[in-house]
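Side-chain atoms are counted along with the backbone in the values below, which use heavy atoms only and exclude waters and symmetry mates.
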Amino acid sequence: MVAPRSRPDACPGALQVHPAADGPLARVRLPGGVLTPAQLQVLAESARDLGNGEIELTSRGNVQLRAVGDPPEFARRLADTGLLPSHTHERVRNILASPLTGRIGGVADLRDVVDELDRSLCADTALADLPGRVLFTLDDGRGDVSALGGDFGIHAVSETEVALVLAGRDSGARISATQSVHVLLDAARTFLGLRDGQWRLSEIDDGVERTLTALALAPTAEPVTGFAEHRPPIGWLDQPDGTVTLGAGLAFGVLDSRMAEFLAAVEKPVIVTPWRSVLLCDLDEWSAEQVVRVLAPMGLIFDENSPWLNVTACTGRPGCDKALADVRTDARDAVLGGELPADGRQHWSGCDRCCGRPKGEVTDVVATATGYRVDHR
């Protein structure tokens with residue numbers, strides 16, 4: 001059992017900004033990672049007018065703006081475009097869903113579940129007290145988001161039945177898909193009753209078993225095991241309805257405001273993935289070809305073998321006062337110079353905290369007072 005936290009939950013949001021070294025940092029929750037073209041346009045304009053000109057994608061399929069000069073104005077713009085439906089719950093709307101659900105693959109289409117869960121979460125006054133680190137996961141059966149360590153989740157095992165995932169593992173309990181939202185929110189309420197300062201269900205001793213007991217559920221099936229880390233869906237992805245989804249990576253998960261405006265101008269749904277990439281959905285083939293032609297030279301990565309997809313990095317200097325180096329510049333130079341210190345996935349960090357490190361097998365490249373230390377894990 002993890003000891004109770006002695007400090008308040010400082011997880012940033014759109015209203016509670018984080019005082020970073022380069023100015024206020026505001027994080028915007030996107031349940032299911034979904035953005036309408038109009039919402040993306042507002043984020044692009046806000047990054048240009050109020051921030052540093054960039055939109056950062058996060059490992060929870062959210063976005064954040066740095067150096068926000070006028071946080072109240074930013075919040076007003078978000079509210080006007082539907083990105084801030086609840087001032088009380090805005091930091092707890094952490095809902096990850098399989099990004100391609102309902103379009104390509106998967107056992108079940110969970111898009112409506114995302115919407116229902118978000119509405120019901122925001123309607124429950126008590127759940128505003130959830131820590132900002134709590135995570136809901138909705139996996140359509142392919143195993144992409146169940147691997148990401150959510151606190152409360154479902155994993156589709158058929159079109160009508162789901163496994164209840166607690167603390168990042170299949171609890172063995174099975175429920176009908178129509179019960180999903182009700183059970184997930186009951187689990188979250190149970191967590192609030194059990195916690196003594198802990199931020200995650202996994203930090204509570206016997207938290208999974210105690211949650212199942214409170215829900216009057218018991219394991220009834222062999223748990224699904226071996227949730228594996230997925231790679232981002234990159235490139236040309238054919239949808240069964242004849243349209244196309246384009247999956248695109250971004251260096252360090254950073255989308256500059258000009259590119260964001262180009263994406264918004266396509267007027268198709270955009271999905272931010274937990275791998276800091278984007279999906280541009282429901283395109284006809286001609287439009288998809290034009291997007292690749294125009295946006296690949298601007299920095300969207302449509303090549304699944306690109307070395308950029310293996311390199312992640314924390315903010316580093318000057319954005320973080322704890323960082324010992326400008327890690328993104330150093331990592332960028334290493335990629336462009338073909339001098340990466342390791343093969344495969346690697347995360348560059350400005351200090352030993354290794355903020356933003358992705359899950360799974362990753363080599364850590366950590367800044368020290370005398371250079372970089374390479375840790376193979």
Side-chain angles (χ1 to χ4, degrees), residues 2 11 27 29-33 56-64 94-101 131-155 163 165-171 198-204 207-208 223-234 247 249-254 271-279 304 307-316 327-328 331 340-366 374-377:
V2 174
C11 196
R27 185 172 298 158
R29 269 62 177 186
L30 307 176
E56 293 186 342
L57 314 186
T58 79
S59 61
R60 289 188 165 191
N62 297 318
V63 296
Q64 59 189 31
N94 298 306
I95 302 172
L96 267 182
S98 299
L100 288 170
T101 190
R133 289 165 175 77
V134 161
L135 177 64
F136 294 88
T137 57
L138 306 176
D139 194 303
D140 66 5
R142 74 187 73 213
D144 52 357
V145 300
S146 289
L148 299 178
D151 297 276
F152 318 107
I154 58 170
H155 186 101
V165 175
L166 297 173
R169 61 182 175 88
D170 181 359
S171 67
Q198 295 89 352
W199 286 331
R200 307 297 302 275
L201 179 62
S202 60
E203 297 173 354
I204 295 178
V208 171
V224 178
T225 59
F227 296 142
E229 277 293 303
H230 276 58
R231 299 279 290 174
I234 296 293
L250 292 155
F252 309 125
V254 175
I271 298 173
V272 176
T273 82
W275 307 285
R276 297 185 174 94
S277 64
V278 294
L279 301 176
E304 63 180 5
W308 288 109
L309 300 181
N310 284 326
V311 179
T312 56
C314 73
T315 298
V327 292
R328 289 188 177 177
L340 290 169
D343 295 328
R345 299 171 69 207
Q346 55 196 266
H347 182 69
W348 290 57
S349 303
C351 70
D352 284 320
R353 295 184 305 161
C354 295
C355 293
R357 185 185 191 275
K359 293 182 179 293
E361 295 184 7
V362 181
T363 296
D364 289 304
V365 184
V366 184
V374 180
D375 296 335
H376 299 280
R377 298 189 186 181

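Proximity of Cys354 to Val366: side-chain heavy atoms (C-beta onward) are separated by under 4.5 Å at one or more points. Between Val145 and Leu138 there is no side-chain heavy-atom pair separated by less than 4.5 Å.
Rounding to the nearest 0.5 Å gives a distance of 8.5 Å between CZ of Arg60 and CZ of Arg133. In this structure, Phe252 CZ and Cys314 SG are separated by 10.0 Å, a value rounded to the nearest 0.5 Å. Here the straight-line distance linking atom CZ of Arg27 with atom CG of Asn62 works out to 7.5 Å at 0.5 Å rounding. Atom CG in Leu250 sits 9.5 Å away from atom CG in Leu309 (nearest 0.5 Å). Here the CD atom belonging to Glu361 is positioned 12.5 Å from the NE2 atom belonging to His376, to the nearest 0.5 angstrom. The CG atom of Leu30 sits 11.0 Å away from the CD1 atom of Ile271 when rounded to the nearest 0.5 Å.
For the pair Asp144 (side chain) and Ser98 (backbone), a donor-acceptor distance under 3.5 Å is absent. Distance alone, capped at 3.5 Å, is enough to place a donor-acceptor pair between the Asp151 side chain and the Leu201 backbone. Checked by atom type and distance alone, the side chain of Arg276 never pairs as donor or acceptor with a backbone atom of Thr312 at under 3.5 Å. The main-chain N or O of Gly132 is found under 3.5 Å from a side-chain atom of Asn94 such that the two form a donor-acceptor pair. Of the possible polar contacts, none joining the Thr273 side chain to the Pro99 backbone as a donor-acceptor pair under 3.5 Å is found.
For Gln346 against Pro341, the heavy-atom pair with the smallest separation is OE1-CD, 3.3 Å. A pairwise comparison of heavy atoms in Val134 and Trp199 identifies CG2-O, 3.5 Å as the closest pair. Annotation for Val327 and Ala313: closest pair CG2-CB, 4.4 Å, computed over non-hydrogen atoms.
With sequence neighbours excluded, the residues satisfying side chain to side chain donor-acceptor pair (under 3.5 Å) with Ser146 are Asp139, His155. For Pro232, the side-chain contact (heavy atoms from CB on, under 4.5 Å) partners are Ile234, Trp275, Ser277, not counting sequence neighbours. Under the rule for a salt bridge (charged side-chain N to carboxylate O under 4.0 Å, His left out), the partners of Arg328 that lie at least two apart in sequence or sit in another chain are Glu56. Listed by chain and number, the residues in a side-chain contact (heavy atoms from CB on, under 4.5 Å) with Asn310 are Arg231, Arg345 (sequence neighbours excluded). Residues that satisfy the salt bridge (charged side-chain N to carboxylate O under 4.0 Å, His left out) test with Arg169, not counting sequence neighbours, are Glu209. Partners of Asp364 under the salt bridge (charged side-chain N to carboxylate O under 4.0 Å, His left out) rule, at least two apart in sequence or in another chain, are Arg357, Arg377.
Partner of Leu148 under the side chain to side chain contact (heavy atoms under 4.5 Å, CB included) criterion, chosen from Ser59, Pro274, Pro358: Pro274.
Using bins of under 30°, 30° to 60° and over 60° for the plane-to-plane angle, the ring pair Phe136/Phe152 lands in the tilted bin.
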How far apart are the C-alpha atoms of Val374 and Thr363, what are their side-chain angles, what is the distance that settles it, and do they pass the side-chain contact (heavy atoms from CB on, under 4.5 Å) test? CA-CA 7 Å; Val374 180; Thr363 296; 3.6 Å; yes
